[in-house]
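Input: a single structure, listed below in structure tokens.
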Number of protein chains: 2
Amino acid sequence: MFSKVIISDDLGSISQGVLSVLGNLSITNVTQVQYCDDAYLKISKAILDQEPFELLITDLSFIADHRDQKYKSGEELVAALKQQNPDLKIIVYSVEDRLQKVRVLVNKHNIDGYVCKGRRGLIELDQAIVTTYQNGQYLSPQVQQALSPKSNLEIDDYDILLIKLLSNGLSQEQIREQLKIDNISPNSLSTIEKKLNKLRIQFKANNAIHLVAIVKDLGLI
Amino acid sequence: MFSKVIISDDLGSISQGVLSVLGNLSITNVTQVQYCDDAYLKISKAILDQEPFELLITDLSFIADHRDQKYKSGEELVAALKQQNPDLKIIVYSVEDRLQKVRVLVNKHNIDGYVCKGRRGLIELDQAIVTTYQNGQYLSPQVQQALSPKSNLEIDDYDILLIKLLSNGLSQEQIREQLKIDNISPNSLSTIEKKLNKLRIQFKANNAIHLVAIVKDLGLI
DNA sequence: TAAGTCATTACGGGAAACCGTAAAATACAT
DNA sequence: ATGTATTTTACGGTTTCCCGTAATGACTTA
């Protein structure tokens, strides 16, 4: 079993639950941090000391406070860590159950497990740790469909970007300009209209306002 | 100090933290539930048994699952309990830090304390319990301004309604019709335009889409 | 190479949103 | 009661959005 584990979660009360799970698995060498930057530093230092952590269990959202942080979210932390140190296993433990988020974390950042905080969260976390130790991948049941290709709703990053720009108050004309500036194509007004129209149909939205509201509720932006 | 307490929170890991706080206060008679309906039933039964609970600590959001619930959120639970049983002290312990939410809970439902889950959550919860026991009211620092009248941004229920209807996909014309149907005045297209325009300025929004996005982020709708 | 499919772009008409101005209705003071 | 301020409503002009059609270009397949 893992012998050296680090937990990153700004809610002290949650870490306590995770600790008890680790205890049940006879993992005693556990470090707790409440800031992503601390996690990053401790993990880096442990590598230099030739005593690297084997597993990171981290939350996604960290409430900002007076301390300025380089890594402001679990996602940023994970991205940095997995790039520099692919050997470190990472399990994300979060209330977030949006498939889009999970997809990105698994496919882009190669995390080893994703557990939703919930009634069965700690039970699932237990399983996730065991599976991960055996080089497997664990996803909570409610997000497993995130990876199955059939659940491909055909909304890609471009679509998300459009809606995000819309929600930031840009007109379709301004979106066109922005895409040109950022060298993103397609960027004609007509295509932008057409894409947004497709999205409206897909999400059964009456108009652009409705679309933004729906997509915001779904947590896609 | 309180002698009989009940905790309602669907995340088992969080309840553990709360338990340790209660333990530090030498409160040992503690009941835990993970569903609002269970909380309601246990509290009601305890009254019948002449051994009522003195304090409820509850979360706001409960993830829906297979079990059909009469009370689906902490807010509904609180509303029902405080109405039938004003003596029961209630502390809400939630990640939610939207002032609007807190305002409603305090003013309308008369809760005794509101603590935000966060780094200092458990410390604040400790204080909240003590204060509440002395018949005081406790609010986490970040939401204290919720009650100060100066934070009155002059947005009333009518404004919120307009934005909510907008976010539901209604056009201004459809909003006019809806207001007429519901016998809400003013309900002319012109006034609706004007109000929304005022709101756009107030929230520094470029257009209606932007307005809805901002207000959604603020948690007002 | 030719035909066919699909994404991208262009354009035009009608609907809705946006904006200013002004008239009508209402509330409120002396 | 009368004048003043505020709210509500009405209206016209401009911009943006919404929607259909069609032309262009890229790519696949025969």
Side-chain angles (χ1 to χ4, degrees), chain A residues 149-150 152-217 220-221, chain B residues 149 152-218 220-221:
Chain A
K150 70 177 179 338
N152 179 13
L153 292 172
E154 296 167 38
I155 54 164
D156 54 23
D157 293 347
Y158 183 85
D159 295 324
I160 297 293
L161 174 62
L162 284 190
I163 302 177
K164 202 173 288 180
L165 292 174
L166 253 194
S167 78
N168 285 339
L170 277 68
S171 68
Q172 296 182 354
E173 170 63 25
Q174 290 169 324
I175 291 176
R176 194 190 109 271
E177 294 166 14
Q178 189 61 48
L179 292 182
K180 281 231 165 81
I181 292 172
D182 294 344
N183 236 10
I184 297 172
S185 120
N187 54 31
S188 76
L189 201 63
S190 190
T191 299
I192 293 169
E193 274 185 13
K194 229 172 258 312
K195 296 266 185 198
L196 286 176
N197 184 43
K198 212 185 69 190
L199 288 167
R200 274 200 303 275
I201 294 169
Q202 218 167 94
F203 287 101
K204 304 190 209 309
N206 296 341
N207 52 42
I209 298 175
H210 200 192
L211 175 65
V212 166
I214 291 171
V215 172
K216 255 194 177 309
D217 282 338
L220 294 172
I221 57 171
Chain B
N152 180 13
L153 290 173
E154 296 167 37
I155 54 164
D156 54 22
D157 293 347
Y158 182 85
D159 295 324
I160 297 293
L161 175 63
L162 284 190
I163 302 177
K164 202 173 289 180
L165 291 174
L166 252 194
S167 77
N168 285 339
L170 278 69
S171 69
Q172 295 182 355
E173 169 63 26
Q174 290 170 323
I175 291 176
R176 192 190 111 270
E177 294 166 14
Q178 189 60 49
L179 292 181
K180 281 229 165 85
I181 291 171
D182 294 343
N183 237 8
I184 297 173
S185 110
N187 54 31
S188 76
L189 202 63
S190 190
T191 299
I192 293 169
E193 272 186 18
K194 227 172 258 312
K195 296 267 185 198
L196 287 175
N197 184 43
K198 211 185 69 189
L199 288 167
R200 273 200 304 273
I201 294 169
Q202 216 168 97
F203 287 101
K204 303 190 210 309
N206 296 339
N207 53 42
I209 299 177
H210 200 190
L211 175 65
V212 167
I214 291 171
V215 172
K216 256 193 178 307
D217 281 338
L218 289 174
L220 270 57
I221 58 172

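Chain A is the first sequence line, chain B the second, and so forth, proteins listed ahead of strands; every chain is numbered from 1.
- Side chain of Asn207(B) to main chain of Ile209(B): a donor-acceptor pair is present (N/O by atom type, distance under 3.5 Å, no hydrogens or angles).
- Rounding to the nearest 0.5 Å places CG of Leu211(B) at 9.5 Å from CD of Gln202(B).
- Contacts of Ser190(A) classified as side-chain hydrogen bond (donor to acceptor under 3.5 Å, both in side chains), with partners at least two apart in sequence or in another chain: none.
- Across all strands shown, Asn206(A) has no heavy atoms under 4.0 Å from either base or sugar-phosphate atoms.
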May I have the step-by-step check of side chain to side chain contact (heavy atoms under 4.5 Å, CB included) for Asp159(B) and Asp156(B), ending in yes or no?
CA-CA 5 Å; Asp159(B) 295 324; Asp156(B) 54 22; 3.0 Å; yes

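- Counting to the nearest Å, the P atom of dA7(C) and the CG atom of Asp156(A) are 11 Å from each other.
- Of the residues in residues 160-182 of chain A, not one places a heavy atom less than 4.0 Å from an atom of DNA chain C.
- Rounded to whole angstrom, the span from the NZ atom of Lys198(A) across to the C1' atom of dA7(C) amounts to 10 Å.
- Nearest heavy atom pair, residue Lys204(A) against residue His210(A), reads O-CE1, 4.0 Å.
- Between the Gln174(B) side chain and the Ser171(B) main chain, a donor and an acceptor come within less than 3.5 Å of each other.
- With Tyr158(A) contributing its side chain and Pro186(A) its backbone, the two residues share a donor-acceptor pair below 3.5 Å.
- Evaluation of the salt bridge (Lys or Arg N to Asp or Glu O under 4.0 Å) rule for Glu173(A) yields Arg176(A) as partners, not counting sequence neighbours.
- Computed from coordinates, the Ile192(B) CD1 to dT9(D) C1' distance equals 11 Å when rounded to whole Å.
- Nucleotide dT8(C) holds its P atom 13 Å from the CG atom of Leu196(A), rounded to whole Å.
- Nucleotide dT8(D) holds its C1' atom 10 Å from the CG atom of Asn187(B), rounded to whole Å.
- For DNA chain C, each stem of at least three Watson-Crick or G-U pairs (distances under 3.5 Å) is given as range with range: C:1-30 with D:1-30.
- Looking only at side-chain heavy atoms (C-beta outward), Ile192(B) and Leu179(B) come within less than 4.5 Å of each other.
- More than 12 heavy atoms of other residues, nucleotides or ligands lie within 6.0 Å of CG in Asp182(A), so this atom counts as buried by the packing criterion.
- Each of Leu189(B) and Ile209(B) was assigned the nucleotide of DNA chain D with the nearest heavy atom; the assignment lying further toward the 5' end belongs to Leu189(B).
- Residues Arg200(A) and Asn197(A) have side chains in contact (heavy-atom distance under 4.5 Å, counting atoms from C-beta outward).
- Partners of Ser185(A) under the side chain to side chain contact (heavy atoms under 4.5 Å, CB included) rule, at least two apart in sequence or in another chain, are Asn187(A).
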Pull out every protein N or O sitting under 3.5 Å from an N or O of nucleotides 20-22 of chain D, one pair per line with the distance.
residue	atom	partner	partner atom	Å
dT21(D)	O4	Lys194(A)	NZ	3.1

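- Rounding to whole angstrom units, OH of residue Tyr158(B) and P of dT7(D) are separated by 13 Å.
- One interatomic measurement links the two molecules: CG of Leu211(A) to P of dA16(C), which rounds to 18 Å at whole-angstrom precision.
- Comparing dC18(C), dC18(D), dA10(C) by their nearest atom to the side chain of Ser188(A) picks out dA10(C).
- Note: NZ (Lys195(B)) to C1' (dC19(C)) measures 18 Å, nearest angstrom.
- A sub-4.0 Å separation between OP1 or OP2 of dC19(C) and a side-chain N or O of Arg200(B) is present.
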